[in-house]
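Scroll down for the structure; my scribbles are underneath it.
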Amino acid sequence: MPELPEVETVVRGLQQTIVGETIIDIEAPWEKALNPDDAYDSVVGKTIQSVSRRAKFIIIELEVGALVVHLRMTGKLTPVFPEKYITVILHFRSGQALYFQDMRKFGRMVFTKDPADLLGHLGPEPLSADFTLMVFMQMLRTKKRTIKPLLLDQTFLAGLGNIYVDEALFQAGIQPESSASAVPKQNVVRLHSAIQSILSASIQAQGTTILNFSHGDNQSGTFQAALRVYGRKDQPCVMCDTPIEKIKLGQRGTHFCPECQTNFS
DNA sequence: CGGCCATCCTGCACGC
DNA sequence: TGCGTGCAGGATGGCC
């Protein structure tokens with residue numbers, strides 16, 4: 001599934017392939033992904049100015065307004081015709097096209113006159129210079145919420161997904177059910193560092209993941225191998241050999257080591 | 001405010 | 001062998 005680093009790589013690819021293209025037609029075989037009636041007049045005839053990312057959203061800027069895309073779990077944007085699961089097609093004057101392929105059909109593409117309307121609610125970018133340790137400590141101080149659902153909340157911090165949160169909490173020694181405001185400073189320091197290092201490492205490993213994607217659906221790669229708790233239920237902890245536990249928390253599969261991670265409350 | 005639930009979809013891994 | 005069941009997941013919106 002596309003995670004933040006994969007979205008980042010998709011954006012970099014699109015910057016090379018679709019900027020300058022003029023959209024001459026839209027097809028939406030799956031209208032829930034994009035309502036062509038709403039978007040057609042605003043999009044057709046427009047030229048793509050730039051492509052950027054905010055959290056896991058892809059922003060395709062036009063002369064006026066933008067197409068904002070969220071891939072969710074199985075969405076892909078590709079110039080190569082996919083045989084199955086096409087939800088939206090943008091046709092370009094050059095003869096090229098951009099295909100939105102999405103097996104589970106959760107992904108969405110929306111035209112908006114001002115992307116800020118759709119993205120304004122998002123919290124800070126975890127890899128931005130603004131997201132300092134001091135800022136993070138301030139953010140957590142007043143939150144009585146459970147730490148894992150809080151980290152998944154895009155209005156609190158933008159871009160983390162289920163896998164990264166489990167991994168970051170493991171690296172920081174924090175049990176996922178801990179109360180955010182009760183986490184000691186020392187572990188907040190480790191968590192802040194873990195979030196940034198794990199995301200950075202994933203961006204580095206991303207090439208491999210994307211390569212696997214383009215070859216098919218093989219998800220095994222260096223990224224998968226780097227996971228230390230996610231998907232490792234009942235397997236020995238890499239640090240202490242205690243079996244990894246899996247629970248349900250906020251409707252999410254949640255993995256942790258009961259020995260290495262302390263429940264602060 | 002915070003937590004929990006359903007919803008959207010499909011493929012796949014189960015168990016019998 | 002084949003069928004049914006349940007699970008996975010990001011984000012939203014509703015409810016208590």
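Order of the sequence lines fixes the chain letters, A, B, ..., with proteins taken first and strands second; residue numbering starts at 1 for each chain.
Lacking a ring centre under 5.5 Å from that of the base six-membered ring together with a plane angle below 30°, A/Phe106 does not count as stacked on B/dC9.
For A/Arg145, the listed nucleotide lying nearest its side chain is B/dG2; candidates were C/dG10, B/dG2, B/dT7. In the set B/dT10, B/dA6, C/dG10, the nucleotide with an atom closest to the side chain of A/Met103 is B/dT10. Listed candidates were B/dC9, C/dA11, C/dA8. Nearest to the side chain of A/Trp30 is B/dC9. The nucleotide whose nearest atom lies closest to any side-chain atom of A/Lys32 is, among B/dT10, B/dC9, B/dG3, B/dC9.
Between A/Phe81 and A/Tyr99, the angle of the ring planes goes over 60°, which puts this pair in the perpendicular group of the 30/60° scheme.
For A/Ile163 and C/dA8, the CD1 to P distance is 12 Å, given to the nearest whole Å. In this structure, A/Leu150 atom CG and B/dG3 atom C1' are separated by 13 Å, rounded to whole Å. Residue A/Leu227 contributes atom CG, which lies 16 Å from atom P of C/dA8 at whole-angstrom precision. Rounded to an integer number of Å, the gap from CD of A/Glu177 to P of B/dG2 is 17 Å. Atoms CD1 (A/Ile247) and C1' (B/dG3) sit 14 Å apart, rounded to a whole Å. When rounded to the nearest whole Å, the span between NZ of A/Lys248 and P of B/dA6 equals 11 Å. The CZ-P distance, from A/Phe156 to C/dA11, rounds to 15 Å in whole Å. Following rounding to the nearest Å, A/Arg72 (CZ) and B/dT7 (P) show an atom-to-atom distance of 16 Å.
If you check every strand for non-hydrogen atoms under 4.0 Å, A/Gln154 touches sugar and phosphate atoms only. Nucleic acid contact for A/Lys84: none, since no nucleic acid atom lies under 4.0 Å from a heavy atom of the residue.
Both A/Thr146 and A/Asp102 lie close to DNA chain B; mapped to their nearest nucleotides by heavy-atom distance, the more 5′-ward contact belongs to A/Thr146. If you find the closest nucleotide of DNA chain B to A/Pro149 and to A/Lys105, the one lying nearer the 5' end belongs to A/Pro149.
Of all non-hydrogen atoms in A/Ile18 and A/Phe92, the two that sit nearest each other are CG2-CE1, 3.9 Å.
Considering only side-chain N and O atoms, A/His70 lies nowhere under 4.0 angstrom from the phosphate OP1 or OP2 of C/dG10. Remark: A/His121 is not in phosphate contact with C/dA11, judged by side-chain N or O atoms under 4.0 Å from OP1 or OP2. In this structure, A/Arg104 does not reach the B/dG11 phosphate: none of its side-chain N or O atoms is under 4.0 Å from OP1 or OP2. The side chain of A/Lys246 places an N or O atom within less than 4.0 Å of a non-bridging phosphate oxygen (OP1 or OP2) of C/dA8. Distances shorter than 4.0 Å separate none of the side-chain N or O atoms of A/Tyr85 from OP1 or OP2 on B/dC9. Considering only side-chain N and O atoms, A/Lys144 lies nowhere under 4.0 angstrom from the phosphate OP1 or OP2 of B/dG3.
The structure places OG1 of A/Thr74 at 6.5 Å from NZ of A/Lys76, a figure rounded to the nearest 0.5 Å.
Annotation: A/Phe170 is not in aromatic contact with A/Phe256 [ring centroid separation under 6.0 Å not met].
Crowding of A/Glu63 atom CD: a count of heavy atoms from other residues, nucleotides or ligands under 6.0 Å exceeding 12. Residue-environment remark: CE (A/Met137) exceeds the threshold of 12 foreign heavy atoms within 6.0 Å.
On a pure distance criterion of 3.5 Å, no polar donor-acceptor pair joins the side chain of A/Arg108 and the base of C/dA11. For A/Arg252 against C/dG10, a side-chain-to-base donor-acceptor contact under 3.5 Å is present.
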